Amino acid sequence: MSDTIKDTKPRPAFGKISFRNRFVNVFLPPTVLVALILVLWELGSITGILNPIIVPSPIAVVQALADLSTQAFFWDAASVTMRETIYGFLIGASIAWILGTLMGLSDRTRAALYPVTVGFQIMPRVALAPLFLVWFGFGIESKVVMAATICFFPVVLSVLVGLETVDQDYKTFFRSIGSSRWDEYRKLVVPSSLPVLFSGLKNAITLALIGAIVAEFVGASEGMGVLIKKFNFQLEVAYGFATIVALMLFGLILYWIFEFLDNRIVFWRSRK
Amino acid sequence: MQESVGFLQMQGVVKRYETKDGDVHALNEVDLEINQGEFVALVGPSGCGKSTLLHILAGLVTEDQGTVSVWGTPPKAGRTDISIMFQRAVLLPWRTVLQNTVLPAEMRKLPKQESFARARELLTLVGLEGFENKHVWELSGGMRQRVSLAQTLVLNSPLILMDEPFSAVDEFTRERLNIEVARMHQLANRTSVYVTHNIQEAVFLADRVVAMKSRPGEIIEIIDVPRNGERGLDFIESDLFNQKVAQVRYALSSFMEEDSIK
């Protein structure tokens with residue numbers, strides 16, 4: 001009970017930043033940086049410093065992307081990869097959440113599970129991809145398993161850290177008002193751990209995408225990883241780049257979904 | 001003192017804590033009786049065991065030796081007839097002021113409608129009308145302590161324990177909040193035990209001020225402060241107030257010097 005309450009003035013309800021401020025401080029700097037790189041890149045292509053067969057010009061990539069977006073095979077591949085990513089994430093995050101909770105609530109299960117989990121994390125799991133191919137086949141299943149395996153650990157950690165970071169004063173308070181263990185878990189521990197959990201989930205969803213692509217590289221018949229390999233073999237480098245840009249955009253969308261949920265659900269974050 | 005009149009009784013209470021630097025004797029052979037309707041302030045330097053004593057009464061800490069009873073039975077965390085307020089307002093940021101206030105009643109599964117009605121009433125009483133649906137981060141430090149006070153009173157427990165509730169708020173806010181506490185105490189004929197390191201605060205609020213010393217934590221002296229009607233700002237300016245403050249300070253000072261040499 002050493003925390004002091006610093007300010008005595010009421011704070012405004014929501015620190016609304018004006019649109020203009022947001023534009024200048026948040027959107028403008030990265031946009032300028034990226035635009036600068038693209039211009040230099042394009043100049044490099046025009047002047048012939050960069051060989052277009054090895055490094056396509058940004059304009060060529062954009063044209064390839066525009067072309068791809070009208071092709072059914074591209075959207076089929078995108079749909080496969082997205083499904084692998086999302087299923088893998090859901091399975092990996094669910095198992096991680098259960099394990100993390102078990103570890104957080106009981107010292108004994110933690111003593112048993114934690115070293116094993118860390119060992120699993122340290123193992124280069126990408127190396128398991130050929131094995132998964134043998135076990136789960138050429139189809140979507142081996143990719144889902146790979147995505148789940150890769151995105152699993154940050155969620156375990158975030159659940160564990162979240163459960164541990166519950167303020168001791170709050171636990172004492174809950175004890176003093178006669179809270180049951182279940183009520184304490186439901187009404188104090190879970191909400192307290194949400195901010196950390198979400199940072200783990202945001203990390204995990206991007207890792208799941210990496211897992212899916214790696215597994216596709218190792219062996220698949222469809223998906224965006226397959227497309228990238230195919231374009232590279234055909235020396236359609238602009239299309240290969242375009243697929244990578246599309247992957248980045250899909251990854252960003254997935255990330256934003258969680259960012260949005262985070263801001264919605266953990267509305268009190270950084271307002272304490 | 002006669003037997004069994006005490007609403008709260010502590011006899012021969014001993015509490016030791018083990019730390020890296022050896023045992024800390026937080027409480028040594030403490031006897032204390034508190035009567036129903038009484039306001040008792042525990043005052044003393046840090047380490048005198050005053051908070052430990054309060055936490056024992058709340059059932060949050062168990063004594064090593066001695067007996068403690070609140071209304072005939074040993075204290076236990078979660079008893080509906082005991083409510084404790086902490087130094088730091090323990091408010092949940094995902095709940096509104098009203099939802100925070102009602103929390104102790106919710107944990108005891110008391111009827112929702114009545115609890116909410118009472119919480120609203122209390123928030124009005126502590127001057128937070130219109131803030132029911134605000135969130136904690138929108139409140140100042142003083143306002144948070146007001147919510148905490150309303151939360152402590154929501155069960156309408158006959159025994160209210162307060163652990164340095166306003167030590168983190170500024171002087172002016174504290175003065176106003178203490179007037180509220182005095183009013184709340186008298187309003188419902190509650191029994192209150194208030195821990196503080198501020199002598200003026202103790203004398204202003206209490207019927208009896210229990211002066212304590214540290215290493216080991218013991219009671220030095222109990223000073224009566226006669227109550228003539230309601231305690232308000234005029235009491236602070238009275239001779240009685242100043243005389244009692246001096247008396248408590250004198251009792252404490254003989255042990256404080258010893259402390260500062262160490």
Side-chain angles (χ1 to χ4, degrees), chain A residues 1-17 158-159 162-163 165-199 201 260-272, chain B residues 51 54-55 58-61 75-80 82-96 99-100 102-110 131 133-145 148 151-152 154-155 157 161 163-170 172-173:
Chain A
M1 323 232 162
S2 58
D3 233 12
T4 49
I5 294 151
K6 280 159 204 121
D7 58 328
T8 46
K9 275 192 199 118
R11 294 182 207 184
F14 287 95
K16 275 256 159 82
I17 312 164
S158 66
V159 172
L163 293 180
T165 46
V166 181
D167 197 315
Q168 202 53 48
D169 286 359
Y170 282 71
K171 284 192 164 176
T172 309
F173 167 67
F174 265 69
R175 207 151 68 80
S176 83
I177 58 173
S179 151
S180 64
R181 260 203 103 172
W182 169 237
D183 268 344
E184 184 187 301
Y185 178 71
R186 213 157 49 110
K187 292 178 175 173
L188 175 66
V189 176
V190 169
S192 298
S193 68
L194 282 180
V196 189
L197 177 67
F198 265 102
S199 62
L201 291 179
F260 175 79
L261 288 175
D262 187 8
N263 287 332
R264 267 301 162 89
I265 297 169
V266 194
F267 60 88
W268 63 90
R269 184 202 284 280
S270 78
R271 288 216 172 90
K272 233 169 167 176
Chain B
S51 274
L54 199 78
H55 284 229
L60 294 169
V61 170
K76 190 172 155 270
R79 267 176 68 166
T80 326
I82 307 173
S83 289
I84 182 166
M85 175 174 176
F86 298 101
Q87 177 178 7
R88 182 179 153 206
V90 198
L91 303 174
L92 305 175
W94 50 88
R95 284 177 169 241
T96 62
Q99 288 167 337
N100 266 296
V102 89
L103 193 65
E106 187 182 312
M107 286 298 162
R108 263 79 162 211
K109 314 265 184 295
L110 298 182
F131 286 87
N133 297 320
K134 298 267 184 219
H135 280 277
V136 181
W137 64 80
E138 299 170 62
L139 304 181
S140 67
M143 286 158 105
R144 289 177 197 197
Q145 290 304 121
S148 187
Q151 188 185 56
T152 312
V154 80
L155 288 176
S157 308
L161 307 171
D163 187 7
E164 304 193 34
F166 310 128
S167 61
V169 299
D170 65 272
F172 303 104
T173 312

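Chain A is the first sequence line, chain B the second, and so forth, proteins listed ahead of strands; every chain is numbered from 1. Below, each value reflects all heavy atoms present in this structure, side chains not excepted, and no hydrogens, waters or symmetry copies. Given the structure is predicted, the values throughout are model-derived calculations rather than measurements.
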Testing the basics here: between B:V90 and A:D169, what is the closest heavy-atom pair and its distance to 0.1 Å?
CG1-O, 4.1 Å
Run the salt bridge (Lys or Arg N to Asp or Glu O under 4.0 Å) test against A:E184 and tell me which residues pass, sequence neighbours left out.
none
Closest-packed option against chain A by number of heavy-atom pairs under 4.5 Å, given B:L155, B:I84, B:L103:
B:L103
Please give me the minimum heavy-atom distance between A:R175 and B:A77, naming the atom from each residue.
O-CB, 3.6 Å
Hey, does B:L92 have a side-chain heavy atom less than 4.5 Å from the side chain of A:Y170?
yes
Would you give the length of the straight line joining atom CE of B:M85 to atom OG of A:S176, rounded to the nearest 0.5 angstrom?
12.0 Å
Which bit of A:L194 comes within less than 4.5 Å of chain B, counting heavy atoms only: side chain, backbone, both or neither?
neither
Roughly how far, to the nearest 0.5 Å, is CZ of B:R88 from CZ of A:F173?
11.5 Å
Contact summary for A:I177 and B:R108, nearest pair of heavy atoms
O-NH1, 2.9 Å
If one checks every heavy atom of B:K76 against chain A at 4.5 Å, the contacting part turns out to be neither
Using the six-membered ring wherever Trp is involved, compare the ring planes of B:H135 and A:F267 and label them parallel, tilted or perpendicular (cut-offs 30° and 60°).
perpendicular
Let me know if B:E164 has heavy atoms under 4.5 Å from chain A in its side chain, its backbone, both or neither.
neither
A:L188 and B:W94 have their tightest heavy-atom pair at O-CH2, 3.8 Å
